[in-house]
J.: 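Sharing a structure, written as structure tokens. Questions coming.
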Amino acid sequence: MLRDKRILLGITGGIAAYKAAELASRLTKEGNTVYVCMTAHATEFVSPLTFETLTGQRVVTDTFDRSAPWEVGHISLAQKIDAVLIAPATANVLAKLAHGLADDMLTTTVLAANCPKLVAPAMNTGMYRNPVTQDNLKKLAEYGYTVIPPEDGHLACGDSGTGRLPHPDRIYEVLEYTLGCEKDMEGLRVLVTAGPTREALDPVRFLTNHSTGKMGYAVAKAAAERGAKVTLVSGPTALDAPYGVKRIDVTSAEEMYHAVLDHADDADLIVKAAAVGDYRPVHISEQKIKKDESSFSLTLQRNPDILKELGAIRKSGQVICGFAMETERLLEHAKEKLIQKGADLIAANSLAEPNAGFGSDTNAVTLITKDDVEVLPLMTKEEAAHRILNKMLTLK
Ligand code: CTP
């Protein structure tokens, strides 16, 4: 979550300008100061009053507005911000920024600013795909801008294709990735597993568990925000890959095993948050299994224990963290896992703890190493993820 940041939200003249209102609202509610700067065309789509009401700050559109609250117009604004985000960014403003043109309050301020700059292009597909626009985007990326790619879909002009402004939550995530954390994990490679696995019985059925992947995704996101290069091996979940994270999708425990072993050698830290199925059916029926009146039994065979394999056989200097979700005797079971699986750290949590189970946004983990046990209180999974990473960094 972003807090106490000063963000210049640039809004240019496209129909997606209304989506910026949600962004301005969220950033303000979370304790950031949002200065909104609109181009003249943007004010045709949404009234500055909307943003003034949402941010509690005066909206600026005119470079020569003498009543603006900052002392020397665009220069003082440029100096006081932590980041500038232009969403939506039209083809026109991208072209101007790519060539250093500064003919209104927004472009003069951006040119003067020396902070992270993000642009979220949104326009008709033809305009977006036009080589001129693509060249301008390339140029902006070379100048250090973060370009938040537009999404595919139905566009206001009636066309379908690339050009839609991403959902405000996605844009927020990129801003969070840019500004949220000190980059203390730069240069580190982190491998994370998350989510459940599925073991097929037949073409329509599978064995699985209640994991939603939230804890592992939170670890991947936290590590990426701290500057690490993150690979996330994920079982089936409903979650989007965090910004900046390379995701590898797998279904079964065996697929997860191969994906993890393929990437383990390159990793500095490995976090095994996935709820891996311990067993799979010996036989997968090619056709749908039909019922009859008798009882039905399934013969299962063991899946590889990925964590154990990493800890005992493949370990080559990586710091390895496993998870243990228990319903009873948490510490005892978790300590056993630490030793048996050759992990450096076990993040243990009890299903008996309220708001710390599958699918919740919070967790209460106990961090267990061979030397100590640290009981953390209930916190968001994002905070817990940072605490786990902090602990792993001390074990490096
Ligand atoms: N794990 C794994 N491969 C498996 C099973 C588990 O890598 N086949 C990892 C999990 O990702 C987790 C840790 O081992 O980091 C503990 O998983 P958990 O399901 O709590 O324990 P199990 O080893 O399966 O033991 P049990 O089910 O008996 O509690």
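When a ligand or atom number is given, it counts from 1 through the structure's own listing order.
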J.: Strictly below 4.0 Å, N to O, side chains only: are R189 and D268 in salt-bridge contact?
T.: yes
J.: Would you say atom 24 (O) of ligand 1 has a protein heavy atom nearer than 4.0 Å?
T.: yes
J.: At what distance is the nearest protein heavy atom to atom 3 (N) of ligand 1, and which residue and atom is it?
T.: I306 N, 3.0 Å
J.: Which is closest to atom 27 (O) of ligand 1 in terms of heavy atoms, L307, T327, I320, D278?
T.: D278
J.: For the residue pair K183 and Y177, would you count it as a cation-pi contact if the rule is NZ or CZ under 6.0 angstrom from the ring centre and within 45 degrees of the ring axis?
T.: yes
J.: We want to know whether Y217 and S234 form a side-chain donor-acceptor pair, criterion being a heavy-atom distance below 3.5 angstrom.
T.: yes
J.: Is the closest side-chain donor-acceptor distance between N390 and R226 under 3.5 Å?
T.: yes
J.: Scan the protein's non-hydrogen atoms and note whether one is under 4.0 Å from atom 19 (O) of ligand 1.
T.: no
J.: Have a look at ligand 1 and work out which part of P304, if any, has a heavy atom under 4.0 Å from it: side chain, backbone, both or neither.
T.: backbone
J.: Can you check whether F323 has an N/O within less than 3.5 Å of an N/O in ligand 1?
T.: yes
J.: Between R170 and E151, is the closest basic N to carboxylate O distance under 4.0 Å?
T.: no
J.: If you measure from the Lys or Arg side-chain nitrogens to the Asp or Glu carboxylate oxygens, is any gap between K391 and D372 under 4.0 Å?
T.: yes
J.: Using heavy-atom distances, let me know which of K341, E309, R280 sits nearest atom 6 (C) of ligand 1.
T.: K341
J.: What I want to find out is whether D249 reaches R247 closely enough, with some N-O distance under 4.0 Å, to be called a salt bridge.
T.: yes
J.: Side chain of Y172, backbone of L2: donor and acceptor closer than 3.5 Å?
T.: yes
J.: Is it true that D152 and R164 make a salt bridge, defined as a side-chain N closer than 4.0 Å to a carboxylate O?
T.: no
J.: Does even one non-hydrogen atom of A274 get within less than 4.0 Å of ligand 1?
T.: yes
J.: Hey, does K308 sit under 4.0 Å from ligand 1 if you only count heavy atoms?
T.: no
J.: Any idea which atoms of ligand 1 are less than 4.0 Å away from a heavy-atom of M325?
T.: 20 (O)
J.: Test your reading of the structure: does G322 have an N or O sitting under 3.5 Å from an N or O of ligand 1?
T.: no
J.: Can you list the ligand 1 atoms lying under 4.0 Å from a non-hydrogen atom of A324?
T.: 20 (O)
J.: Relative to atom 15 (O) of ligand 1, which among E326, K272, H333, E336 owns the nearest non-hydrogen atom?
T.: K272
J.: Hey, does A253 sit under 4.0 Å from ligand 1 if you only count heavy atoms?
T.: no
J.: Give yes if a backbone or side-chain nitrogen or oxygen of R302 is under 3.5 Å from a nitrogen or oxygen of ligand 1, and no if not.
T.: no
J.: Just to be sure I'm reading this right: ignoring hydrogens, which of M256, K337, E254 gets closest to atom 29 (O) of ligand 1? Compare them by their nearest heavy atoms.
T.: K337
J.: Assess R302 against Y279: is NZ or CZ under 6.0 Å from the centre of the six-membered ring, and within 45 degrees of the ring's axis?
T.: yes
